[in-house]
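Scroll down for the structure; my scribbles are underneath it.
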Amino acid sequence: MAPDSHLALSLPGKRAQLVAGPVPNARPRAGEIAVRVRAVAVNPFDRYLQTLGDVIAAYLAYPAVLGTDVAGRVLAVGPGVTRFSVGDCVLGHAAGIEKGRNKAEEGAFQEVVILLAHMASPIPADLPFERAAVLPLGLSTAACGLFQKDFLGLAPPRVDRVPMGEIVLVWGGSTSVGSNAIQLARAAGYDVVTTCSPHNEAYVRRLGAGQVFDYRSPTVRQDIRDAMRGRRVAGALSVGKGAAAACMDVLARCEGRRFVAQVSPPASFDDVPAGRGRWRRLVPALARMAGGHLALVWKSWRTGVATKMVWGGALIDNEVGPMIYRDFLPAALARGAYAAMPAPEVVGHGLHCIPEALERQRRGVSARKLVVTL
């Protein structure tokens, strides 16, 4: 490998296979840092971009480097960056696939990545890279739903929390986004009610959930309403199939903010292949997506509960990004007030292990996040 290049796992074109190869090193510009990547985590959206990029991200420039969750060591800092120095251990939300960035050098699946300084946080010496890498996209998505003004608009999170006297409902508490939403809502001073499978109840309670319900129970909606009776609700964040509709039913009979920050779309694209048989699977999935959206619009009108889809990268361009990665997370991690969860499961070492991690992620994991070390 030449000294002015490094290895990257690139997507050369629409619906192509991921390919590893050398790419030129990029120098960090103003407000950026260059990081030697030591661990990356995978997310469903990475798979969707490979199979459906022409549908859901027509703006994407090729060859593209995918990936959002990254942890590593700072190699260089750009002009004006004072929070970081060469050698610092950091985690960060890589912004390469965002429409406003759209740059291969900012994708996580490579040996050296350019990060926006305000979307990175130092990590303590006792936090391994593979554990730190589980945080960024789950953290960012939860923060967008909880703190953006056009979503729940909660008070900012603090290491020394100030009780607000209100409840946040997190449907899907053991997921990556849910794990972060529980912790962020608690840090912001709110009590948390959540759902999960019974075998994950102890896990979400450790994260700070006060009351936990089995999402598969036939009486779960009424049980949650009963538990929140007499309390003011600050809103809900929903993760998983059918979660938004369930949250709307609950909030319709509660006092407070009737708003659901919706993380999961109404239909899944997990079974849509990149090649043969694509349209046979894609068309019904798109129809389910449209039908699910219309059903939520109708339910919103009928119940008076508003809902809106969360885009996990939106905080890059507003005040929530610095609120989390600059003002809250560094101190919270240093003081042990925030846990890098869900726990990592290391699939392997090297860029060639990322496709395997993506396939295992497609098959489903529970209360874990799949990580590849570099």
Side-chain angles (χ1 to χ4, degrees), residues 4-6 8 23-41 43 45 57 59-61 63-124 127 129 132-133 135-144 147-150 156-157 180 184 310-334 338 374:
D4 59 349
S5 66
H6 63 273
V23 296
N25 291 338
R27 295 180 61 85
R29 297 168 289 266
E32 299 175 347
I33 59 176
V35 173
R36 172 61 173 95
V37 179
R38 294 301 182 187
V40 297
N43 296 285
F45 198 64
Y59 60 84
L60 198 63
V65 176
L66 310 181
T68 303
D69 294 341
V70 62
R73 197 177 296 273
V74 176
L75 288 178
V77 299
V81 175
T82 58
R83 293 177 58 223
F84 300 103
S85 300
V86 173
D88 287 352
C89 296
V90 300
L91 63 79
H93 179 137
I97 61 174
E98 293 298 318
K99 187 174 184 180
R101 306 299 299 177
N102 202 13
K103 298 175 181 178
E105 63 263 31
E106 296 182 27
F109 294 167
Q110 55 189 320
E111 293 178 333
V112 179
V113 63
I114 301 295
L115 296 178
L116 297 168
H118 73 275
M119 293 300 296
S121 168
I123 59 177
L127 182 61
F129 291 126
L135 276 177
L137 186 58
L139 171 68
S140 293
T141 304
C144 285
F147 302 115
Q148 289 187 143
K149 294 176 181 177
D150 54 340
N180 284 279
L184 287 173
V310 176
W311 180 256
L315 76 172
I316 289 170
D317 298 315
N318 60 44
E319 73 283 356
V320 177
M323 174 199 297
I324 299 299
Y325 287 91
R326 183 191 66 198
D327 301 337
F328 171 70
L329 191 62
L333 290 175
Y338 200 91
L374 302 181

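Being a predicted model, the structure only gives us computed values, none of them experimental. Along the sequence shown, the residues carry numbers beginning at 1.
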inquiry  = The criterion is ring pair (Phe, Tyr, Trp, His ring centres under 6.0 Å); which residues satisfy it with F147, sequence neighbours excluded?
reply    =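 Partners of F147 under the ring pair (Phe, Tyr, Trp, His ring centres under 6.0 Å) test: none.
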Identify, with sequence neighbours excluded, every residue that meets side-chain contact (heavy atoms from CB on, under 4.5 Å) alongside [X].
{"X": "A120", "answer": "I33, F84, L115"}
{"X": "R36", "answer": "R38, L75, E111, V112, L374"}
{"X": "P124", "answer": "D126, L127, L333"}
{"X": "A95", "answer": "E98, R101, E106, L116, I316"}

task = Quick one: pull up CZ in R326 and CE in M119 and give me the separation to the nearest 0.5 Å.
result =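 CE of M119 is found 12.0 Å from CZ of R326.
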message = Before you tell me yes or no, could you show the steps for L139 and Y338 under side chain to side chain contact (heavy atoms under 4.5 Å, CB included), namely the whole-Å CA-CA distance, both residues' side-chain angles and the distance that decides it to 0.1 Å?
response = CA-CA 11 Å; L139 171 68; Y338 200 91; 3.5 Å; yes
Contacts of D150 that satisfy salt bridge (Lys or Arg N to Asp or Glu O under 4.0 Å) - sequence neighbours left out =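 Testing D150 for salt bridge (Lys or Arg N to Asp or Glu O under 4.0 Å), a comparison that skips the adjacent residues, returns K308.
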Partner set under salt bridge (Lys or Arg N to Asp or Glu O under 4.0 Å) for E105, not counting sequence neighbours =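 Expected list: R29.
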query = So, does N318 use its side chain to make a donor-acceptor pair with the main chain of Q148 at under 3.5 Å?
reply =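 A pair under 3.5 Å: no.
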Any donor-acceptor N/O pair, D88 side chain to V74 backbone, under 3.5 Å =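 Flag not set: sc D88 to bb V74 has no pair under 3.5 Å.
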key: side chain to side chain donor-acceptor pair (under 3.5 Å) contacts touching residues 66-80 (sequence neighbours left out)   =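 Sorted result for residues 66-80: N43-D69, D69-K369.
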Considering all heavy atoms, the nearest [X]-[Y] contact:
{"X": "L315", "Y": "A143", "answer": "CD1-CB, 4.4 Å"}
{"X": "A34", "Y": "I114", "answer": "CB-CD1, 3.8 Å"}
{"X": "N180", "Y": "L135", "answer": "OD1-CD2, 3.2 Å"}
{"X": "A117", "Y": "R83", "answer": "O-NH1, 2.8 Å"}
{"X": "C144", "Y": "A314", "answer": "SG-N, 4.1 Å"}
{"X": "I324", "Y": "P330", "answer": "O-CD, 4.1 Å"}

query = Can you name the residues that form a side chain to side chain donor-acceptor pair (under 3.5 Å) with S140, not counting sequence neighbours?
reply =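 Partners of S140 by the side chain to side chain donor-acceptor pair (under 3.5 Å) criterion, ordered by chain and then number, come out as H93, Y325.
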task = Check side chain to side chain donor-acceptor pair (under 3.5 Å) between D317 and all other residues, then give those that pass, not counting sequence neighbours.
result =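 Checked D317 against side chain to side chain donor-acceptor pair (under 3.5 Å); zero matches.
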Got [X] and [Y] here, is their nearest side-chain heavy-atom distance under 4.5 Å?
{"X": "V70", "Y": "V90", "result": "no"}
{"X": "Q110", "Y": "V23", "result": "yes"}
{"X": "V37", "Y": "F129", "result": "no"}

